[in-house]
Amino acid sequence: MQTHLRGRDMITTQEWTKDEIDTVLDVAFELKRQRALGISHASLRDKVLAMLFFFTSTRTRASFEAGIVQLGGHGAFIDSTTTQISHGDTAKEIGEIYGRYFDGIAIRQCDWGVGNQYIRDVAAASRVPVLNMQCDHFHPFQILADLMTIIEKKGDPRGLTINVSYAYAASYQKPMSVPISLILLMTRFGMNVRLTHPPEFNLMPQYVEQAKENARKARGSFEILDDFDAGFKDADIVYPKAWGCMLTTSDLQESAEISKKYTSWITDERRMALAKPDAIYMHCLPADRNIEVTDGVIDGPQSVVYDEAENRLHVQKAVMALTM
Ligand code: CP
């Protein structure tokens with residue numbers, strides 16, 4: 001267990017060692033156990049987390065706000081549109097100034113080509129930890145919750161096959177931060193990681209190369225497929241979700257048009273039957289029901305989406321308690 005994490009940013013899990021991530025998981029399981037037993041764990045009394053949102057959220061906002069209060073602190077929800085950011089406050093100013101008011105700064109900024117750099121610029125100017133609540137590259141807290149859920153459901157993740165797959169959605173061109181973060185973290189835990197997507201939906205090549213290197217070091221495997229059905233075959237964990245083809249076109253309308261070629265990429269009962277009989281279905285949510293996944297699958301016995309959403313609370317509390 002690592003005990004020197006005070007002050008650390010969490011922008012991507014790739015910048016934390018495996019020992020440090022194991023520590024987050026240990027603490028998350030302990031905090032989950034304590035909450036189930038009704039044991040108070042107010043280790044961040046009087047501490048305040050800024051929660052700066054440039055984008056909508058159901059789970060992230062609610063779980064960070066509930067989490068910091070359960071740790072004895074307070075969460076200040078800040079909608080960026082109600083600030084002076086649009087009138088000129090820079091990332092450096094936000095880091096400098098919020099770093100003096102708050103004990104941690106959590107940010108969701110998913111704009112393509114903007115979000116990750118914005119969070120890094122705030123972090124460079126901040127004297128307190130900066131937590132990435134999702135950017136255009138990474139969604140670290142989602143993926144930590146996913147790993148916690150896999151360990152709860154399946155035990156030791158080494159040797160398990162996870163299919164991280166594109167699926168069609170009509171609602172909007174979703175960031176690619178979830179699949180990128182999944183291939184980066186799951187390869188470090190010795191899993192056999194399958195990335196399945198149509199040719200236009202490739203992920204940022206630097207992260208694909210990192211995932212290959214992670215798999216080599218952890219003695220797992222990493223492969224890329226372009227056949228939706230093949231991705232499900234004999235998988236232990238299936239994680240099919242939509243993302244936009246931002247590397248093919250920066251035009252969101254054109255991305256939506258390209259996506260329409262893949263309306264058949266829906267997770268249904270026939271596809272689930274291609275995976276192992278005890279395979280679990282995962283999705284970070286929100287999902288386009290009956291477009292991205294059928295009600296039968298997402299509400300069915302193999303779905304773990306609600307445990308996955310709950311675990312956001314526990315991993316975020318662990319990182320806040322360790323870093324703030
Ligand atoms: N999974 C997730 O980040 O959900 P929200 O967008 O609702 O926060």
Side-chain angles (χ1 to χ4, degrees), residues 10-13 24 28 49-70 75-81 104-112 114-116 118-119 130-150 152 162 164-167 169-186 203 237-244 246 252 267 280-289 291-293 297-299 303-320:
M10 171 57 87
I11 296 177
T12 165
T13 56
V24 170
L49 176 74
M51 305 189 309
L52 174 60
F53 281 86
F54 291 77
F55 194 74
T56 51
S57 169
T58 302
R59 283 145 289 271
T60 304
R61 175 187 173 177
S63 53
F64 265 102
E65 193 161 336
I68 185 70
V69 171
Q70 289 165 21
F77 171 71
I78 304 165
D79 174 346
S80 66
T81 61
I105 306 172
I107 304 173
R108 169 170 280 195
Q109 171 35 300
C110 301
D111 292 347
W112 178 245
V114 173
N116 186 259
Y118 182 85
I119 292 174
V130 169
L131 309 179
N132 179 1
M133 297 195 293
Q134 191 179 17
C135 67
D136 50 338
H137 295 201
F138 308 117
H139 198 352
F141 292 100
Q142 179 63 54
I143 274 53
L144 288 167
D146 296 339
L147 181 56
M148 182 176 182
T149 309
I150 289 168
E152 282 180 336
I162 180 169
V164 177
S165 178
Y166 173 81
S171 55
Y172 69 107
Q173 296 306 291
K174 303 183 186 190
M176 59 176 73
S177 51
V178 167
I180 286 174
S181 300
L182 279 168
I183 64 168
L184 286 176
L185 188 60
M186 302 315 170
L203 303 181
I237 300 140
V238 297
Y239 202 133
K241 77 166 300 292
W243 64 85
M246 291 82 147
L252 291 180
T267 305
I280 55 172
Y281 169 83
M282 301 185 78
H283 195 295
C284 56
L285 305 178
D288 285 25
R289 279 177 172 256
I291 295 174
E292 199 173 355
V293 54
V297 170
I298 198 168
D299 295 329
S303 173
V304 298
V305 295
Y306 297 123
D307 290 330
E308 192 181 350
E310 177 186 337
N311 285 336
R312 292 289 306 274
L313 176 72
H314 308 301
V315 297
Q316 289 160 195
K317 284 169 68 178
V319 172
M320 287 190 282

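In each ligand, atom 1 is the first atom listed, and ligand 1 is the first ligand listed.
- At a threshold of 4.5 Å between non-hydrogen side-chain atoms, the residues Val315 and Leu147 do not count as touching.
- The aromatic rings of Phe53 and Phe77 sit tilted relative to each other, their planes meeting at an angle between 30° and 60°.
- Per-residue contacts place Cys284 under 4.0 angstrom from the following atoms of ligand 1 (heavy atoms of the residue considered): 1 (N).
- Looking at ligand 1, you won't find any N or O of Pro286 less than 3.5 Å from one of its N or O atoms.
- Counting heavy atoms under 4.0 Å from ligand 1, residue Gln142 touches it through the side chain alone.
- Heavy-atom distances between His139 and ligand 1 reach below 4.0 Å in at least one pair.
- Residue Arg108 holds the heavy atom nearest to atom 6 (O) of ligand 1 of all those in Arg59, Arg108, Met133.
- Residues passing the side-chain hydrogen bond (donor to acceptor under 3.5 Å, both in side chains) test with Glu308 are Tyr239, sequence neighbours excluded.
- Applying the salt bridge (Lys or Arg N to Asp or Glu O under 4.0 Å) test to residues at least two apart or on different chains, the pairs with a partner in residues 172-186 are Lys174-Asp288, Lys174-Glu292.
- Atom numbering of ligand 1 starts at 1 in the shown order; those under 4.0 Å from a heavy atom of Thr58 are 5 (P), 7 (O), 8 (O).
- Close approach of ligand 1 to Leu285 (heavy-atom distance below 4.0 Å) involves ligand atoms 1 (N), 2 (C), 4 (O).
- Using a 4.5 Å heavy-atom threshold, the side chains of Leu52 and Ser80 count as touching.
- The nearest non-hydrogen atom to atom 8 (O) of ligand 1, considering only Val178, Thr56, Thr60, comes from Thr60.
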- Task: Check the pair Arg61, Asp79 against salt bridge (Lys or Arg N to Asp or Glu O under 4.0 Å), reporting the backbone distance first and the verdict last.
- Result: CA-CA 11 Å; Arg61 175 187 173 177; Asp79 174 346; over 6 Å; no

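- The aromatic rings of His137 and Trp112 are tilted relative to each other, their planes meeting at an angle between 30° and 60°.
- For ligand 1 and Ser57, the ligand atoms under 4.0 Å from any heavy atom of the residue are 5 (P), 7 (O), 8 (O).
- Here's the thing with Arg312: one of its N/O atoms is less than 3.5 angstrom from an N/O atom of ligand 1.
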